[in-house]
Amino acid sequence: MKIKSIEPFIVHAPLNVDSISDSTNTITHWGIVGARIVTEDGLEGYGYTGTHAHLATDRLVARCISDSYAPLLIGEDAQDGDRLWRKLLSYPPVRWVGRAGITTIAAGAIDIALWDLRAKAAKVPLWKLLGGATVDRLEAYNTDIGWLSTPLARMIDSCKAAVEVDGFRRLKLKVGHSDPTIDIERVAAVRKAVGPGVTIAIDGNGKWDLPTCMRFCARAEPLDLFWFEEPMWFDDIRGHAELANSTSIPIALGEQLYSLHAFNAFMDAGAVHYVQPDVTRLAGITEYIQVAHAAHGRGLPVTAHVGDMGQVHVHLSFWHPATTMLEYIPWIKDCFEEPIRVRDGAYQRPEAPGAGTTLTRQAIAAHSRPL
Ligand code: MG
């Protein structure tokens with residue numbers, strides 16, 4: 001499994017609508033930016049991060065992969081996963097300029113490709129390489145029905161269709177208007193439309209401050225919300241701990257945290273109830289496993305954020321015993337040889353060898369961007 005080459009790629013996949021917004025982001029495409037690793041014996045591994053498809057920034061990730069990391073790994077044995085992961089993260093000139101951000105997500109893309117290679121070499125799906133599945137039914141919760149930019153009437157129709165036609169029992173709605181009363185009204189309208197049997201979570205994408213969140217939660221508690229995700233600025237441990245102590249609505253976060261140490265700090269402060277690591281934000285699958293075990297050891301559930309839109313996380317979620325559900329956003333699934341599949345509100349278990357990250361030739365031809 002000697003590594004022969006590592007080449008970056010940038011793919012910009014269009015969404016299923018013109019654009020979407022949450023409280024802090026507006027996007028038209030999802031970026032799939034990563035590494036294709038080829039071994040001397042001809043195996044191909046794919047790993048990537050998820051971006052807002054901003055070409056100038058995506059090129060920085062691609063250059064970090066090709067110019068800083070690839071030379072460290074050419075000729076190495078792809079089976080030596082942990083050692084190679086540490087080699088990337090401890091490389092002094094890169095670590096000096098960034099222990100979080102572009103440098104870690106670039107390392108993560110390579111780490112995912114190495115796991116993909118190892119699962120392909122073993123001829124098993126990643127969840128089996130990791131030790132086998134621990135859940136029979138992996139619940140899918142639908143995020144693609146509740147964007148902040150979706151008009152209320154259309155959001156209600158989409159939520160009802162997701163429940164009544166597609167069989168989802170779990171929905172997530174974006175919140176974070178300048179006037180939180182608008183959010184209370186939108187969430188209450190969806191609750192009324194889908195009834196009490198459907199789980200509704202909300203996601204603020206870090207928009208509000210602590211007093212706004214406290215007032216909002218006091219009004220939202222009667223709506224039976226499953227969690228409030230990213231209520232405040234992503235690094236604010238004290239604020240999240242204070243909010244967690246002041247409301248009965250559980251707090252979820254993690255999609256913007258770059259390291260095991262950041263997760264440990266939030267968990268130790270009692271600032272998070274649902275832990276949401278993402279292989280595309282952390283330094284790949286290797287660090288995701290560390291975070292999932294750390295959460296499990298503290299008795300906290302793990303519900304991955306799908307910056308990979310679920311391709312890798314479906315494997316990790318079937319495997320890890322702290323996980324029973326996974327986010328569902330279907331934007332990029334058709335770019336992959338084995339796309340994620342959801343039926344009756346539950347994920348189907350992937351069966352092809354690898355980590356689910358192999359792009360189709362058609363997707364590369366149609367959506368590649370110049371490096
Ligand atoms: Mg979120």
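Both ligands and their constituent atoms are indexed starting at 1 by order of listing. Below, each value reflects all heavy atoms present in this structure, side chains not excepted, and no hydrogens, waters or symmetry copies. What you are looking at is a predicted structure, and each value in this text was computed from that prediction instead of being measured.
His320 and Thr323 share no donor-acceptor pair across their side chains, judged by distance under 3.5 Å alone. A side-chain donor from one of Thr143 and Glu327 sits under 3.5 Å from a side-chain acceptor of the other. With 3.5 Å as the limit, one finds a donor-acceptor pair spanning the side chains of Thr181 and Arg219. Of the N and O atoms on the side chains of Gln256 and Glu230, not one donor lies less than 3.5 Å from an acceptor on the other residue. Residues Asn16 and Asp144 have side chains that bring a donor and an acceptor to within less than 3.5 angstrom of each other.
Protein N/O/S atoms closer than 2.8 Å to the Mg ion (ligand 1), listed by chain and residue number, are Asp203 OD2, Glu229 OE2, Glu255 OE1.
Taking the centre of each ring, Trp227 and Tyr141 come in below the 6.0 Å mark.
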